[in-house]
Protein chains: 2
Amino acid sequence: MDSQQFHRISKALADPRRYEILSRIAKCRELACSDVRGEIPITAATLSHHIKELVNAGLVEMRREGQFAHMRLRRKVWREYLSQLGKL
Amino acid sequence: MDSQQFHRISKALADPRRYEILSRIAKCRELACSDVRGEIPITAATLSHHIKELVNAGLVEMRREGQFAHMRLRRKVWREYLSQLGKL
DNA sequence: AGTCTAGTTAGATGATTATCGAATTATCGA
DNA sequence: TCGATAATTCGATAATCATCTAACTAGACT
């Protein structure tokens, strides 16, 4: 993991709401945006923004199926991030 | 570790420069502010600000000795943070 | 006392960013 | 085709935050 990605992930985790979203994604094998909106109060626009940050950081990948966007945690990246942090 | 501290730590790690400072503190048993300033280009005010965030997050503790402020990583807190992240 | 060094605080500025409403695209069902 | 649902994009706003300069406190040394 290069330092750019490392810092992107750190920033992505820094917002409590975004962390909450990530946390919900992590709990399922897959989760759709609409599911998230059913669980926490957030506008579609804001959610879309946060998802973009998570995808950008490489933490989350998306699979499109019809109207739905299914999100998944990239566990390998997550493990790499934790391992990097562990070196501190 | 309560969620407030958890989020404070996440935010503290989100700034690359602050992470760099933390990283240098972690590498030594103790480090003074002036040492940091000798290693990276940063004004005293900015450094003081970052240190305050790290202390506030509970990641770093300070020991004052004469003119010097010696900083130490609180490894127990760090471990707790990693453990919390690991639950994701 | 006077000076130097270490660090803090206050206030300002500029950049980043979280958030929302509105408009838009795309897909599904009737 | 029409309406409903899912998600994205755009533009604006407000809040947060990193950074600096300048002024300050306090300790060490002469």
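Given the structure is predicted, the values throughout are model-derived calculations rather than measurements. Lettering of chains follows the sequences in order, A, B, ..., and the numbering in each one begins at 1.
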Distance-only side-chain donor-acceptor flag, Ser83(B) / Lys87(B), under 3.5 Å = no
query = Taking only N and O in the side chain of Arg63(A), is any of them less than 4.0 Å away from OP1 or OP2 of dA7(D)?
reply = no
key: Student check: side-chain heavy atoms of Lys52(A) and Ser48(A) closer than 4.5 Å   = no
query = How many Å lie between CG on Asn56(A) and P on dT9(D), as a whole number?
reply = 11 Å
Using the 3.5 Å cut-off, write out each protein N or O paired with an N or O of nucleotides 24-28 of chain D and the distance between them.
none

ask   = Checking all strands, does Ala69(A) fall into the base, sugar-phosphate, or nothing category for heavy-atom contacts under 4.0 angstrom?
value = sugar-phosphate
His7(B) NE2 to dA18(C) C1', straight-line distance once rounded to whole Å = 15 Å
inquiry  = Would you say Thr46(A) places a side-chain N or O within less than 4.0 Å of OP1 or OP2 belonging to dT19(C)?
reply    = no
message = Once you apply a heavy-atom cut-off of 4.0 Å, does Ala45(B) come out as touching a base, just sugar-phosphate, or nothing?
response = base
note = Whole-Å distance, Glu39(A) CD to dA6(D) P, equals 14 Å
remark   = Atom CD1 of Ile51(B) and atom P of dA18(D) are separated, to the nearest Å, by 13 Å
ask   = Between Leu47(B) (CG) and dT21(D) (C1'), how many Å, whole number?
value = 16 Å
message = The side chain of His49(B) is closest to which nucleotide in this list: dG7(C), dA18(C), dT19(D)?
response = dT19(D)
inquiry  = Within residues 8-23 of chain B, which residues have any heavy atom lying less than 4.0 Å from an atom of DNA chain D?
reply    = Lys11(B), Asp15(B), Arg17(B), Arg18(B)
ask   = Quick one: Ile42(B) CD1 to dA6(C) C1', roughly how many Å, whole number?
value = 15 Å
key: Integer-rounded Å distance: dA6(D) P and Arg37(A) CZ   = 8 Å
query = Where each residue is assigned the nucleotide of DNA chain C containing its nearest heavy atom, which of Thr43(A) and Ala32(B) is assigned the position nearer the 5′ end?
reply = Ala32(B)
query = Roughly how many Å is it from NE2 in His50(A) to P in dT17(C), rounded to a whole number?
reply = 12 Å
ask   = Transitively linked via ILVMFWY side-chain contacts under 4.5 Å: Leu73(B) with Phe68(B)?
value = no
key: Options dG7(C), dC20(D), dA7(D), nucleotide nearest the side-chain atoms of Ser34(B)   = dG7(C)
Shortest side-chain distance from Lys52(B), nucleotide among dT9(C), dT8(C), dA18(D) = dT9(C)
